[in-house]
Amino acid sequence: MNPTTSAPTTPIPAVAHHTARLNGTELHYVSAGTEGTPVLLVHGFPETWWAFHRVIPLLAERHRVFAVDLRGFGDSGTLPDTTTEPTEGASATAAEDLHRLVEHLGLGPVHLLGQDIAGATVFRLAATYPEDVASLTAVEMGLAGFGLEGLADVTHGGSWHVGALAAPGVPELLLAGREREFLGGWVFPTMTAVPDAVTEADVAELARTYSRPGGWRGAAGLYRSMLTEGAELRALAQASPLTVPVLAVGSSGGPFTAGTMSQVADGEVRSVLLDGVGHHVALEAPDALSEAILAFLADIDFPTDVDDQADRRDGDADNEADSEARTRP
């Protein structure tokens with residue numbers, strides 16, 4: 001694992017830290033919880049596993065929870081220069097990393113959650129290795145080939161940062177040495193809606209790892225991948241639509257996540273829309289997000305409870321009908 005530039009700048013929550021050498025890189029991940037079915041959390045941009053540090057203890061009350069730093073992010077291994085290894089940070093490689101991690105930990109199938117630019121990575125994992133995945137929760141997430149490319153179109157409301165990150169050498173030119181200013185002065189103020197949800201400590205912890213040498217290359221790889229993989233993802237969705245239960249959680253993106261997932265899932269997509277919350281849901285609304293996830297997973301893990309409740313309701317209705325019939329003249 002590549003060394004970080006300094007020690008963590010915030011108190012670390014009650015999680016255990018691990019590294020695993022897999023698929024030609026070293027992945028850093030954290031774990032919490034000792035009981036229940038496993039949950040694997042996959043961050044977006046500009047995030048690391050830290051994006052879930054408020055959600056993890058809430059989920060860990062009922063589940064074994066794991067949150068990973070994707071290849072090139074956080075305290076996982078950095079990438080080589082993307083101009084010489086253009087596929088190194090692609091979503092297909094990141095999905096293979098996750099498959100190897102699930103296999104390494106002996107976790108499968110896991111309840112998988114992905115957000116933001118991790119969309120293609122978690123979709124590929126679920127579609128390519130369905131035995132690894134028990135369910136998929138998509139949080140403010142889109143897919144290339146299904147409209148996400150519009151995020152790069154600045155003439156129609158897209159954001160400049162997509163092209164800047166995807167252009168070889170530009171993140172290092174523009175952002176290296178300015179990580180705290182970029183994250184704390186533009187990204188989070190622009191993309192969050194809950195006042196003070198993202199603290200100075202959060203920004204400092206995220207900036208700590210993005211400021212590593214090569215610290216932007218993970219994000220650059222995923223955004224470059226997003227701009228080129230639309231046809232491939234559409235073909236994958238047509239050949240291997242998702243068959244696992246899917247929950248779509250939207251906030252500032254409205255129904256975009258649910259609309260995307262409904263196009264790649266074989267069954268009904270459950271949808272939750274969080275009003276008054278910006279793009280970074282796990283940091284802004286950890287309680288509401290955890291509540292939605294736990295309810296969704298409970299219905300999957302304990303389907304007999306739902307059936308029993310339905311049976312009881314049917315039985316109560318029958319008893320009421322019998323009682324009414326007996327009291328009629």
### Task
Could you please spell out the steps behind the side chain to side chain donor-acceptor pair (under 3.5 Å) verdict for T37 and D301?
CA-CA 8 Å; T37 51; D301 291 341; 2.7 Å; yes
### Summary
Residues at least two apart in sequence or cross-chain that pass side-chain hydrogen bond (donor to acceptor under 3.5 Å, both in side chains) with H104, listed by chain then number, are none
### Query
Are Y129 and E96 side-chain neighbours, meaning at least one heavy-atom pair lies under 4.5 Å?
yes
### Query
Would you call T257 and V249 a side-chain contact if the rule is heavy atoms closer than 4.5 Å?
no
### Query
Should the heavy atoms of other residues, nucleotides or ligands under 6.0 Å from CD of E268 be counted, would the total exceed 12?
no
### Message
Run E229 and R224 through salt bridge (Lys or Arg N to Asp or Glu O under 4.0 Å) and show every step you take.
### Response
CA-CA 9 Å; E229 66 188 349; R224 186 175 298 116; over 6 Å; no
### Query
For atom CD of Q263, is the number of surrounding heavy atoms from other residues, nucleotides or ligands below 6.0 Å larger than 12?
yes
### Task
Check whether any side-chain heavy atom of T192 lies under 4.5 Å from a side-chain heavy atom of H279, and answer yes or no.
no
### Message
Under the rule for ring pair (Phe, Tyr, Trp, His ring centres under 6.0 Å), what residues qualify as partners of H111, not counting sequence neighbours?
### Response
none
### Query
Hey, which of L105, D75, V15 is the one that makes side chain to side chain contact (heavy atoms under 4.5 Å, CB included) with Y29?
L105
### Message
Test of understanding: with ring pair (Phe, Tyr, Trp, His ring centres under 6.0 Å), list the residues that count as partners of Y223, not counting sequence neighbours.
### Response
F45, H161
### Message
Is there a side chain to side chain donor-acceptor pair (under 3.5 Å) between D202 and T199? Walk through the geometry before answering.
### Response
CA-CA 5 Å; D202 292 328; T199 67; 3.2 Å; yes
### For S251, all residues meeting side-chain hydrogen bond (donor to acceptor under 3.5 Å, both in side chains), sequence neighbours excluded
E140
### Task
Sequence neighbours left out, what passes side-chain hydrogen bond (donor to acceptor under 3.5 Å, both in side chains) with D97? Give chain and number order.
N23, R71
### Message
Would a single hydrophobic cluster contain both W49 and L58, if residues Ile, Leu, Val, Met, Phe, Trp and Tyr are joined by side-chain heavy-atom contacts under 4.5 Å?
### Response
no
### Query
Between H28 and H17, is the ring centre distance below 6.0 Å?
yes
### Query
Looking at R54 and E284, does any basic side-chain N land under 4.0 Å from a carboxylate oxygen?
no
### Message
Suppose we call two aromatic rings close when their centres sit under 6.0 Å apart. Are H43 and F73 close by that rule?
### Response
yes
### Task
Just jot down the ring pair (Phe, Tyr, Trp, His ring centres under 6.0 Å) partners of F182, sequence neighbours excluded, or say none.
W186, W216
